[in-house]
Structures are given as structure tokens and as C-alpha cells.
Amino acid sequence: MQFTKMHGLGNNYIFFNLLEMPMENEDFAELARTVSDVNFGIGSDGIILMCPSDVADFKMRIFNEDGSEGKNCGNGLRCVAKYLFDHMYATSTNFTIETLGGIVSVEVEADKKRVVRHVTIDMGKPQLLKGMIPMKGDPLSSAINESLSIGGQIYPMTCVSMGNPHAILFVDDVNEFPLEEVGPVIECADLFPERVNLGIVQVKNRQELHYRVWERGSGITMACGTGACAAVVAATLNHYVDRHIPITVQLPGGKLMISWDENDHVWKRGEAAYICHGELAIEGIIPVENK
Ligand SMILES: N[C@H](CCC[C@H](N)C(=O)O)C(=O)O
């Protein structure tokens, strides 16, 4: 089974090209748990499938390290867009990709050798209603700087869905905040029936945010594209940054340029890169639960 390992700002996934190999009846959750394991597998934040689509040019599915299926993946989308253009599946620099969180439009920037480095994605409209995050409470209300009681602590949270759920917490210093400790508590709080990605944000100035993430299903990663979008939406709603101008979001793995435009669409521009191509020797990999 052929695979490609790629990353967007260090948020790395094992990619399988289902345009060439259908992989029917595969247990993708188990495959994600197995190949994501750094000791018994390849080591990654999860797996991403590149598939045919009936409603867009292509389709992306993402499974987190724990085998749970994510509904969107901003860093993964840039990698998929690069792969599809570089390998000539996409013939235009503009095309669409279906995700469980909705259809996104991408634009790739290719060099003279037709190799992509930067990708811009229209991530669509953020969802703010609790019923759409989803989270408990009045489904027609939203959580903007709302004091949420979780694990005996009160957290002033702003919750945003970019097709997948994000809880955003503004802190004084992202490097001082105990993310390893608080992340799993908030990820699995009863308040979030489908769990949640926790993003912590430090406002550097009105054009720059620093962001770290505890991802649902993967824990701390080097970057989260949908989370960076949610951070800019939350910072705008809390009047820390201005709307319609590009905001630099600095993540541990690098930076993204994000803007929330006058049509309520969130745009994200950033890099994508290959790590390696390979052949998965499934028989050589011990399923994680058999360790
Ligand atoms: N853990 C996320 C999926 C991956 C999102 C992230 N890697 C990104 O780049 O957006 C979820 O379950 O909602």
C-alpha cells in the first residue's frame, strides 16, 4: 500500500491516494491508529485520504491519531491541494475539495517547474451557533467570551466551528499555559458532545496572534489550520483584531496568513511540503492494541 507523508507547518499526516487505489473495506480508524504510532507505525498526527467526489473536484477525509474522523483539516487541505496539482490530478490552479465540514475552494501557487509551495484556501463561513459547534446550551445562541465551567475551573471561551469544533481561550503567554494538562480536560468535557479542539491565543498586536493547540483526537500538534482560522474569528469577535485585514497567526510550526472577509468567508494562505513516499508493509506493523 503506497503512502506519502506530508506536513503543513509540522502538522503531519500519512496520505493515501484513493484516486488510484480504492482501499475498499479498509478499517480507516484502525489504520490511522496503527500508522500514526511512532514506535509500531510510521508516526504522524493521523491519516488523510484523497478520494473522488460526486459534488466537488476531489474529496478529502481525515482520521486523527486516535482513529476518530475529523470533519475538516486546514493544514491537510493545503497538502492535498499540493499533491493533486503536483501529480497532475488537478490541471487548474483553482479547484474544489469536499470535506465532511463542507466544500472548500483552493488556489495553488506553482513555481516554474509546476511545483506548489503555497496554497490559499477559502475555508468558507465560520459557524458560531452552539447547535452548530456543537456544544450544549441554547442551540440558537453563541459562546463569545462566555465563562464555561469545566473540571471545576471557569474558562472564558469563544467557540467557533470551521466545519470542526474549536474552543478558543485567550491567555497572556501561550508558552506558559499548561496546555498538556488542560487540553484533555476541555477536549473531553461533557459540554462538547463531539469533543473539541482547544486553541490558546496570545494577542501580540492588532495584526498578529500566537496560537497553540490541543487537537481533538491527536493532542498537541505543531499547527492546526482550522484552529488558526477559529482563532482569528474569535479575536475579531472579541475586538482584539480588525476584520477584513490579513492577520499573521504564529504557530509552533510556522505562520499562516488568515483573513475573515466582508462576505463572511475565512481565507488561509500557507505552505505544504512532502516528507517521504513509501510502501506500507502492513504485515510488519503490530496493531497498537496488540503492543
Ligand atoms: N483534530 C481535528 C482535525 C484536524 C484539524 C487540524 N489538523 C487542522 O489543520 O485543521 C478535529 O478532529 O476536528
Side-chain angles (χ1 to χ4, degrees), residues 5-15 28-29 32-33 36 43-50 59-83 97-102 104 106 119-124 126-127 132-135 159-168 179 183-184 186-189 192-201 209 211-234 249-258 266-273 275:
K5 185 171 182 179
M6 299 180 78
H7 75 90
L9 307 187
N11 185 202
N12 59 97
Y13 292 92
I14 307 302
F15 291 74
F28 294 120
R33 285 189 290 270
S36 299
S44 67
D45 294 326
I47 66 171
I48 285 181
L49 313 178
M50 298 177 285
K59 179 177 180 180
M60 177 191 80
R61 292 180 71 185
I62 171 201
F63 291 80
N64 295 306
E65 192 174 330
D66 70 354
S68 59
E69 184 164 9
K71 293 189 172 168
N72 201 356
C73 181
N75 290 318
L77 279 165
R78 295 199 313 279
C79 294
V80 167
K82 169 177 173 62
Y83 181 101
I97 301 175
E98 175 193 357
T99 73
L100 285 180
V104 299
V106 306
V119 181
T120 297
I121 301 184
D122 174 357
M123 297 292 288
Q127 292 291 338
M132 298 297 287
I133 299 297
M135 64 188 288
C159 297
V160 180
S161 170
M162 291 305 302
N164 60 344
H166 293 272
I168 301 294
L179 189 55
I186 292 181
E187 174 194 359
C188 300
F192 301 102
E194 295 179 10
R195 297 188 284 162
V196 75
N197 300 283
L198 171 65
I200 55 174
V201 179
L209 304 174
Y211 169 90
R212 288 182 65 211
V213 67
W214 174 277
E215 281 202 34
R216 174 180 64 173
S218 294
I220 289 180
T221 61
M222 293 293 283
C224 179
T226 52
C229 294
V232 169
V233 171
V249 180
Q250 187 65 50
L251 305 98
K255 71 179 180 185
L256 291 170
M257 296 308 293
I258 310 272
V266 180
W267 297 78
K268 173 172 65 69
R269 180 178 185 268
E271 297 183 5
I275 295 172

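Below, all heavy atoms of this structure are taken into account, side chains as well, without hydrogens, waters or symmetry copies. In listed order, ligands and their atoms are each counted from 1.
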**OP:** Answer with side chain, backbone, both or neither: which part of Y13 has a heavy atom less than 4.0 angstrom from an atom of ligand 1?
**Re:** side chain
Original post:
So, does E187 use its side chain to make a donor-acceptor pair with the main chain of G217 at under 3.5 Å?
Top reply: yes
Original post:
Hey, is the main chain of G74 close enough, under 3.5 Å, to the side chain of K268 for a donor-acceptor pair?
Top reply: yes
Original post:
Is the shortest N/O to N/O distance between K71 and ligand 1 below 3.5 Å?
Top reply: no
Original post:
Counting only N and O atoms by type, is there a donor-acceptor contact under 3.5 Å from the side chain of R216 to the main-chain atoms of N64?
Top reply: no
Original post:
Is it the side chain (CB and beyond), the backbone, both or neither of T221 that lies under 4.0 Å from ligand 1, heavy atoms counted?
Top reply: neither
Subject >> Euclidean distance, I47 CD1 relative to K5 NZ, rounded to 0.5 Å >> reply: 13.5 Å
Original post:
Taking C-beta and beyond as the side chain, do F63 and S36 meet within less than 4.5 Å on heavy atoms?
Top reply: no
Original post:
Does at least one non-hydrogen atom of C73 fall below 4.0 angstrom from an atom of ligand 1?
Top reply: yes
Original post:
How far is atom 4 (C) of ligand 1 from its nearest protein heavy atom, and which residue and atom is that?
Top reply: E215 OE1, 3.2 Å
Subject >> Shortest protein heavy-atom distance from atom 2 (C) of ligand 1, along with the residue and atom involved >> reply: N197 OD1, 3.4 Å
Original post:
What residue and atom, counting heavy atoms only, is the protein's closest point to atom 9 (O) of ligand 1, and at what distance?
Top reply: G225 N, 2.8 Å
Original post:
Of the backbone atoms (N, CA, C, O) and the side-chain heavy atoms from C-beta on, which set of N75 has a member under 4.0 Å from an atom of ligand 1: side chain, backbone, both, or neither?
Top reply: both
**OP:** Look at ligand 1 and say whether C224 reaches it with a heavy atom at a distance under 4.0 Å.
**Re:** yes
Original post:
For ligand 1, which atoms have a heavy atom of I62 less than 4.0 angstrom away?
Top reply: 3 (C), 4 (C)
Original post:
Hey, which atoms in ligand 1 end up nearer than 4.0 Å to a heavy atom of N72?
Top reply: 3 (C), 4 (C), 5 (C)
Original post:
N/O to N/O below 3.5 Å, does that happen between N64 and ligand 1?
Top reply: yes
**OP:** Could you point out which residue of L77, I97, V266 forms a side chain to side chain contact (heavy atoms under 4.5 Å, CB included) with I121?
**Re:** L77
Subject >> Protein contact to atom 10 (O) of ligand 1 [nearest heavy atom, distance to 0.1 Å] >> reply: T226 OG1, 2.6 Å
Original post:
Could an N or O of ligand 1 be found under 3.5 Å from any N or O of G74, whether backbone or side chain?
Top reply: yes
Original post:
Between S218 (side chain) and E65 (backbone), is there a donor-acceptor pair under 3.5 Å?
Top reply: yes
Original post:
Looking at side-chain heavy atoms only, is the closest gap between E215 and D45 below 4.5 Å?
Top reply: no
Original post:
Do the side chains of L9 and R78 get nearer than 4.5 Å, heavy atoms only?
Top reply: yes
Original post:
Rounded to the nearest 0.5 Å, what separation is found between the CG atom of L198 and the SG atom of C188?
Top reply: 11.5 Å
Subject >> Within-shell test, V213 vs ligand 1, heavy atom, strictly < 4.0 Å >> reply: no
